[in-house]
**Student:** 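My structure is below; once you've seen it, I'll send some questions.
Every value quoted in this text rests on a predicted model; they were computed, and no experiment measured them.
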Amino acid sequence: MIKAIESTSSEVIVANGAAEANALGLTSQVPIREVFLTSGRSRELQLGNRSVELKHGHRWQLVLGKRPAGMAIRALYSLGPEQAETALEILKTKLPLVEWAAMRAARAVLPGWMARAVTEAGESLTNAVETAAAQTPASCHQVVLDDVQSRGSASSSPQQMTP
């Protein structure tokens with residue numbers, strides 16, 4: 001149903017932060033209600049006895065869409081600043097580097113606390129990547145770039161996000 005709405009209305013529709021946090025393994029809590037964020041207007045849809053809520057989301061919540069970096073941003077917001085550092089440590093083991101780059105690139109539109117947390121968490125990854133790149137023969141760089149690009153175009157399902 002959500003895919004049908006997206007294709008007919010050209011809206012961006014993504015799962016809410018609580019659902020994303022669960023999908024990424026950051027929490028074991030499973031949301032009871034089906035709530036999605038949309039670039040369109042807020043509304044509630046009834047399908048028999050099933051209710052689906054579409055809430056108009058902020059631009060920063062939708063900017064990276066359904067890709068893993070977008071899922072991570074929505075999950076972080078749901079968990080809040082108190083749990084951000086722990087969540088980002090877990091995400092370091094789950095997200096490919098290209099997704100970290102996307103999160104870092106989106107910092108300008110993120111809430112301040114989240115932008116700072118992503119910057120701090122990403123610094124250790126950036127240092128590790130730069131060190132590895134400096135020690136890698138030039139002939140291997142294309143192989144790494146190809147791998148990063150293929151991970152970036154992979155499905156956004158959490159099972160396929162491990163490096």
**Student:** Is there side-chain contact between E53 and F36, with heavy atoms separated by less than 4.5 Å?
**Tutor:** no
**Student:** For L37, which fellow cluster members are found when Ile, Leu, Val, Met, Phe, Trp and Tyr are connected by side-chain heavy-atom distances below 4.5 angstrom, either directly or through intermediates?
**Tutor:**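 Listed partners: V12, V14, L62.
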**Student:** Nearest 0.5 Å please: distance from the CZ atom of R41 over to the NZ atom of K55.
**Tutor:**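 Answer for the CZ-NZ pair, R41 versus K55, is 16.0 Å.
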**Student:** Which value, rounded to the nearest 0.5 Å, describes the distance between T119 atom OG1 and M114 atom CE?
**Tutor:**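 Spacing of OG1 (T119) from CE (M114) equals 12.0 Å.
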**Student:** If we ignore angles and hydrogens, is there a donor and acceptor under 3.5 Å between the side chains of E44 and S51?
**Tutor:** yes
**Student:** Nearest heavy-atom pair of A117 and L88: which atoms, and what distance?
**Tutor:** O-CD1, 3.4 Å
**Student:** So which heavy atom on L24 is nearest to which on A75, and how close?
**Tutor:**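 That would be CD1-CB, 4.1 Å.
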**Student:** Work out which heavy atom in A87 is nearest to a heavy atom in L26; give both atom names and the distance.
**Tutor:** O-CD2, 3.8 Å
**Student:** Heavy-atom distance under 4.5 Å between the side chains of V118 and R104, does that happen here?
**Tutor:** yes
**Student:** Would you find a donor on one side and an acceptor on the other, under 3.5 Å apart, between the side chain of S78 and the backbone of R74?
**Tutor:** no
**Student:** Please check if the side chain of T27 supplies one atom and the backbone of N22 the other of a donor-acceptor pair under 3.5 Å.
**Tutor:**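 It does not hold such a pair.
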**Student:** Are the side chains of I5 and L45 in touch, meaning some heavy atoms are under 4.5 Å apart?
**Tutor:** yes
**Student:** Check the side chains of E11 and S39 for a donor-acceptor pair under 3.5 angstrom, ignoring hydrogens and angles.
**Tutor:**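 There is no such pair between these side chains.
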**Student:** Rounded to the nearest 0.5 Å, what separation is found between the CZ atom of R43 and the OG1 atom of T38?
**Tutor:** 5.5 Å
**Student:** Looking at every non-hydrogen atom in both residues, tell me the closest pair between L64 and A106 and how far apart they are.
**Tutor:**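 Taking every non-hydrogen atom into account, CD1-CB, 4.1 Å.
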**Student:** Please assess Y77 against L110 for the test side chain to side chain contact (heavy atoms under 4.5 Å, CB included), listing each intermediate value before the final yes or no.
**Tutor:** CA-CA 10 Å; Y77 183 71; L110 298 178; over 6 Å; no
**Student:** Does M71 belong to the same Ile/Leu/Val/Met/Phe/Trp/Tyr cluster as V109, with side-chain heavy atoms less than 4.5 Å apart forming each link?
**Tutor:**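 Yes.
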**Student:** Hey, could you give me the CD/CG distance between Q83 and L76, rounded to the nearest 0.5 Å?
**Tutor:**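 With rounding to 0.5 Å, CD (Q83) is 10.0 Å from CG (L76).
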**Student:** Rounded to the nearest 0.5 Å, how far does CD of E82 lie from CH2 of W113?
**Tutor:**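 Result: 8.0 Å between the selected atoms.
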**Student:** Just how far is it from atom CD1 of I73 to atom CZ of R107, taken to the nearest 0.5 Å?
**Tutor:** 11.0 Å
**Student:** When hydrophobic residues are tied together by side-chain contacts of less than 4.5 Å, even through go-betweens, does L95 share a cluster with V63?
**Tutor:** yes
